[in-house]
Structure formats: C-alpha cells, structure tokens
Amino acid sequence: MIHSPVLVINSGSSSLKFSVFDMQSGREVLSGLAERLEAPDALLSWRGEGEKQRRKIPDQGHEGALREVHALLDSMGAPVAIGHRVVHGGEAFSGSVVIDEGVIEGIDRCASLAPLHNPANLLGIRAMQRLYPSTPQVAVFDTAFHQTLAPEAYLYPVPIRLYREQGVRRYGFHGTSHQYVAGEAVRRLELDPDDHGLITAHLGNGCSATAVRNGCSVDTTMGMTPLEGLVMGTRSGDVDPGLHEFLAERLGLTLSEITAMLNRESGLLGLSELSNDMRTLADAAASGNDNAQRAIDVFCFRLARHIGALAASLTRVDALVFTGGIGENAVPVREQVLKHLPLFGFECDADLNRHHGDDLGRITTPGSPAALVIPTREEWVIANDAYRLTHH
Ligand code: ADP
C-alpha cells in the first residue's frame with residue numbers, strides 16, 4: 001500500500017526521468033528513465049520494488065513515454081500530486097508554484113533563456129495534464145533558490161540595457177540541490193537557521209557551487225546559462241570571452257560551433273582526451289595516466305578558486321558541503337580541493353574521507369572547519385514541494 005503517491009517528472013530534450021514517492025514514509029517506490037526519445041531504439045527502464053526492468057518503446061516521444069509511465073503507475077493508484085523539474089524560471093519564479101495557464105505562459109516566456117530545456121519541460125507538463133486532468137501539478141525551478149542574489153552578484157558588467165531589454169544576468173542553477181544540502185548541513189551541525197554561512201558544491205555531470213547565508217543563496221558559479229563557472233564533465237565553465245573571436249578567426253568556426261565545443265567537447269573530456277566521467281578519470285589517474293590526472297588537477301584547482309571567491313559573500317564559513325555524483329563519491333577530488341584551501345584551515349581526515357564521512361557526513365578532523373558529504377535528493381525536494389503546495 002502506497003500512501004499519497006507523488007510523481008516527479010524531469011522531462012529533458014531527449015530523455016525523461018521519473019520517480020514516485022510514498023509521502024508518508026519518504027520512500028522512493030518507483031524510479032525510471034526513458035531515453036533516446038523519438039529514436040527507433042528509444043528505451044524505457046525502471047525499478048520498482050523488485051529487479052530493474054526495461055522495454056523498448058520505438059519512436060515514442062515524450063507523450064508516448066509518459067503514457068507508459070501512466071500504465072506503470074496503474075497498480076499504485078493515481079498520484080495525489082505531480083512535481084515537474086523546470087530548468088529556467090527567469091525572474092518570474094522565486095519558488096515552486098502550482099501550475100495553471102499563467103504559469104505555463106511564464107515558463108514559455110523563459111524559454112529564450114533555456115531553449116533546449118524549457119520547451120522539453122513544457123512537453124512533460126502538457127502530457128501529464130492530458131493523462132491526469134484532475135491531479136494538481138507543481139513546477140519546481142532550478143533557478144528559484146538563487147533569486148535572492150543581490151544586483152551586484154547577478155549583474156554582468158555589460159551595457160545595462162542588455163539586462164533591461166534581454167534579461168541578460170546571472171540566474172544560477174541546481175537550486176533544489178543547493179537548498180536541500182544547505183538545509184541538511186544546518187540541521188546536522190545544529191547551526192542557527194538565521195545566522196550561518198555555507199558553501200555548497202554540487203558536482204555531477206554539471207557542476208556548480210553556491211554561497212548560502214542564513215538560508216539564502218547569495219552567490220553562485222553558474223550564470224545566465226549552465227555553462228558558466230566550474231569545470232564540468234563536458235562543459236568548460238569560465239573561459240576568456242575573447243576566446244570566441246580567436247577561435248572563429250583561427251579555425252573558421254561559427255559561434256554556434258564554438259558554443260557546442262564549450263558545451264560538449266570541453267571540461268574533463270576536453271582536457272583528458274579520455275572521458276567526461278570522473279570515475280573513469282580517477283581510475284586512469286591512479287594507474288598513471290597523466291592526461292587524466294591533469295584534467296582532475298584543473299577541475300580541483302578551479303573549484304577551489306571559486307570556493308575562495310564565494311567566501312567573499314559570507315561573514316563566516318561554517319561548512320563546505322560536497323554533493324552530486326563526484327562530490328559524494330570522488331575521495332581524491334575532495335582531498336585535493338581541501339588541500340588547495342589552506343587559508344580556510346581545512347584538515348581532511350583521510351579515513352573519514354575514504355568512508356564518505358562520519359554519521360554527520362563530516363570528513364575533516366575535530367579541530368578543523370567542517371567539510372561535509374551530503375547526498376543530494378533533488379527528486380525528493382520536488383515531491384515534497386508538490387505535496388506541500390497542494391495538500392496543506
Ligand atoms: P548528473 O549530474 O547527471 O545527475 P551525477 O550526479 O550522477 O550526474 O554525477 C555523475 C558524475 O559522478 C560522473 O562524473 C561520475 O563519474 C561521478 N562518480 C560517480 N561515482 C563515482 C566514484 N565512485 N568515483 C568518482 N566519481 C564518481
């Protein structure tokens with residue numbers, strides 16, 4: 001028996017993730033992925049209580065895949081709410097909202113800022129409205145948590161009319177993850193909710209770090225798009241803005257070819273010429289691959305450099321929090337980043353780090369400022385917001 005099932009949908013351009021939570025126990029009772037949507041080899045895979053299962057869903061698009069999800073949910077009873085991850089909420093959304101026509105128009109208006117993501121998110125929302133016409137739906141935005149940034153943190157030093165007329169500013173992403181792990185750090189370390197300073201590092205395929213003061217995001221490394229900031233799997237993060245013209249002239253590349261190179265062929269992949277995957281690189285580096293080690297070194301140096309910059313927005317650093325696939329698992333990355341930050345006084349406890357932290361997730365020695373490993377739970381945050389906004 002599943003109590004108050006809430007369905008979470010993360011609808012991307014060619015893939016779609018879904019999960020169902022039992023809201024009484026917080027348990028994830030179903031999770032799955034539909035990938036290569038619209039292609040002849042489109043595949044649905046999912047895991048419920050038992051073994052992982054998969055089925056081909058050839059040439060199915062978002063709506064077809066969601067019809068399959070609808071059928072999978074049949075045995076559980078209809079969800080009491082549906083939460084959607086929406087990438088870009090622009091300045092229109094500073095928190096999660098119940099979806100109505102006005103909200104759909106708002107998400108559509110933000111599509112120019114996230115042309116690959118928002119339209120795919122909307123496809124998921126529309127399809128679920130047709131499949132579950134009487135179930136309330138909620139949008140949870142990647143950008144919302146960062147709407148507390150002050151103008152000096154979010155404005156780019158370019159002509160101000162670009163902000164006024166085109167919405168050119170820093171928005172930040174991964175907000176649900178940063179908010180969740182920051183809240184967890186406050187709870188675990190028993191910090192004062194109204195008086196604390198944290199730096200959260202979400203390190204997955206995409207990577208960003210955020211300064212959190214008293215529960216609010218005050219600075220973050222991603223900007224107008226998720227390309228700014230840290231080194232990522234295939235994304236470059238920060239580069240000299242002069243690079244574009246240099247490459248255009250030298251290599252005859254168009255702007256969109258350069259953007260594609262910075263998004264898909266750079267970062268860990270570009271540096272290592274081996275892989276975008278940190279686990280593969282860590283294994284290769286351990287067996288003496290210099291290219292892999294160099295990619296990890298740049299990743300860690302730039303992360304440390306950004307952490308230093310983020311600290312400028314805080315009066316005190318109560319903890320540095322690592323999360324995401326790399327943050328939660330890559331032991332040498334955490335160690336190397338802490339080593340780069342001697343001014344902060346971090347002292348990594350090698351044993352705790354190897355075990356991904358003590359009961360609280362702490363990987364530093366007792367005298368050191370805290371560095372924590374906290375697994376992120378983005379889907380749970382979305383489920384929780386969807387339930388909270390529709391059932392209280
Ligand atoms: P996404 O951003 O797509 O949700 P994840 O948060 O799952 O991605 O992070 C994926 C990254 O985590 C990959 O670079 C992967 O290699 C890395 N990762 C996962 N497990 C390990 C591990 N044991 N050691 C090092 N890196 C790991």
Side-chain angles (χ1 to χ4, degrees), residues 8-19 28 31-36 45 47 85 87 114 116-117 120-121 140 142 172-181 184 200-210 220-222 225-227 229-237 263-287 289 291-293 295-300 302-303 321-338 350 353-357 361 363 373-382:
V8 174
I9 301 288
N10 180 353
S11 173
S13 51
S14 65
S15 71
L16 189 156
K17 288 191 203 157
F18 57 93
S19 335
E28 192 178 38
S31 66
L33 169 71
E35 47 195 331
R36 300 190 287 274
S45 52
R47 184 194 292 273
R85 177 184 182 206
V87 167
L116 292 179
H117 294 103
N121 301 153
V140 180
D142 256 33
F173 298 88
H174 293 141
T176 42
S177 181
H178 290 295
Q179 186 168 16
Y180 173 76
V181 298
E184 267 296 297
T200 53
H202 175 102
L203 311 174
N205 281 309
C207 300
S208 69
T210 294
T220 190
T221 58
M222 279 181 170
T225 75
L227 184 54
L230 306 177
V231 177
M232 313 182 209
T234 61
R235 282 173 251 169
S236 60
N263 271 300
R264 296 206 282 268
E265 299 167 31
S266 298
L268 292 173
L269 175 66
L271 283 164
S272 68
E273 295 185 319
L274 178 69
S275 174
N276 63 319
D277 191 278
M278 183 57 92
R279 191 169 3 188
T280 306
L281 294 178
D283 290 345
S287 49
N289 183 316
N291 284 353
Q293 187 59 57
I296 296 173
D297 290 347
V298 177
F299 181 93
C300 293
R302 288 200 164 222
L303 173 55
V321 185
F322 291 98
T323 193
I326 297 173
E328 292 166 32
N329 297 294
V331 174
V333 168
R334 292 193 301 249
E335 184 184 350
Q336 209 171 323
V337 171
L338 294 182
N353 191 28
R354 223 177 2 260
H355 292 98
H356 311 301
I363 57 168
V373 177
I374 300 182
T376 193
R377 293 190 73 195
E378 289 169 284
E379 282 79 14
W380 168 247
V381 174
I382 295 173

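Indexing begins at 1, ligand by ligand and atom by atom, following the structure's order. For clarity, every value in this text was computed on a predicted model and none was experimentally measured.
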Can you confirm whether the side chains of [X] and [Y] place a donor and an acceptor under 3.5 Å from each other?
X: Ser208; Y: His178; result: yes
X: Gln293; Y: Asp297; result: yes
X: Thr323; Y: Glu328; result: yes

(request) Number the atoms of ligand 1 from 1 as they appear, then name those within less than 4.0 Å of a heavy atom of Ala330, with their elements. (result) 25 (C)

Which of these, [options], has its nearest heavy atom closest to [atom]?
atom: atom 8 (O) of ligand 1; options: Leu268, Ile296, Asn205, Asn276; answer: Asn205
atom: atom 14 (O) of ligand 1; options: His174, Met278, His202; answer: Met278
atom: atom 9 (O) of ligand 1; options: Ser275, Gly327, Gly206, Gly325; answer: Gly325

(message) Here's a test for you: under side chain to side chain contact (heavy atoms under 4.5 Å, CB included), which of Thr176, Val8, Asn10, Val140 qualifies with Glu378?
(response) Thr176

(request) Sort out for me which residue in Leu271, Asn291, Val333 forms a side chain to side chain contact (heavy atoms under 4.5 Å, CB included) with Ile296. (result) Val333

(request) Answer yes or no for atom 4 (O) of ligand 1: protein heavy atom present at a distance under 4.0 Å? (result) no

Any nitrogen or oxygen of [X], side chain or backbone, less than 3.5 Å from one on ligand 1?
X: Ala282; answer: no
X: Ile326; answer: yes
X: Gly204; answer: no
X: Arg279; answer: yes
X: Lys17; answer: no

(message) Checking a contact table here: which protein heavy atom is nearest atom 16 (O) of ligand 1, and how many Å away?
(response) Asp277 OD1, 2.6 Å

(request) Write out the residue and atom name of the closest protein heavy atom to atom 23 (N) of ligand 1, then the distance separating them to 0.1 Å. (result) Asn329 CB, 3.4 Å

(request) Would you mind reporting whether His202 and Met222 have side-chain heavy atoms less than 4.5 Å apart? (result) no

(request) For residues Ile326 and Gly204, report the shortest heavy-atom separation together with the two atoms involved. (result) CD1-O, 3.6 Å

(request) Mind listing the closest non-hydrogen atom pair of Met232 and Gly206 along with its distance? (result) SD-CA, 3.9 Å

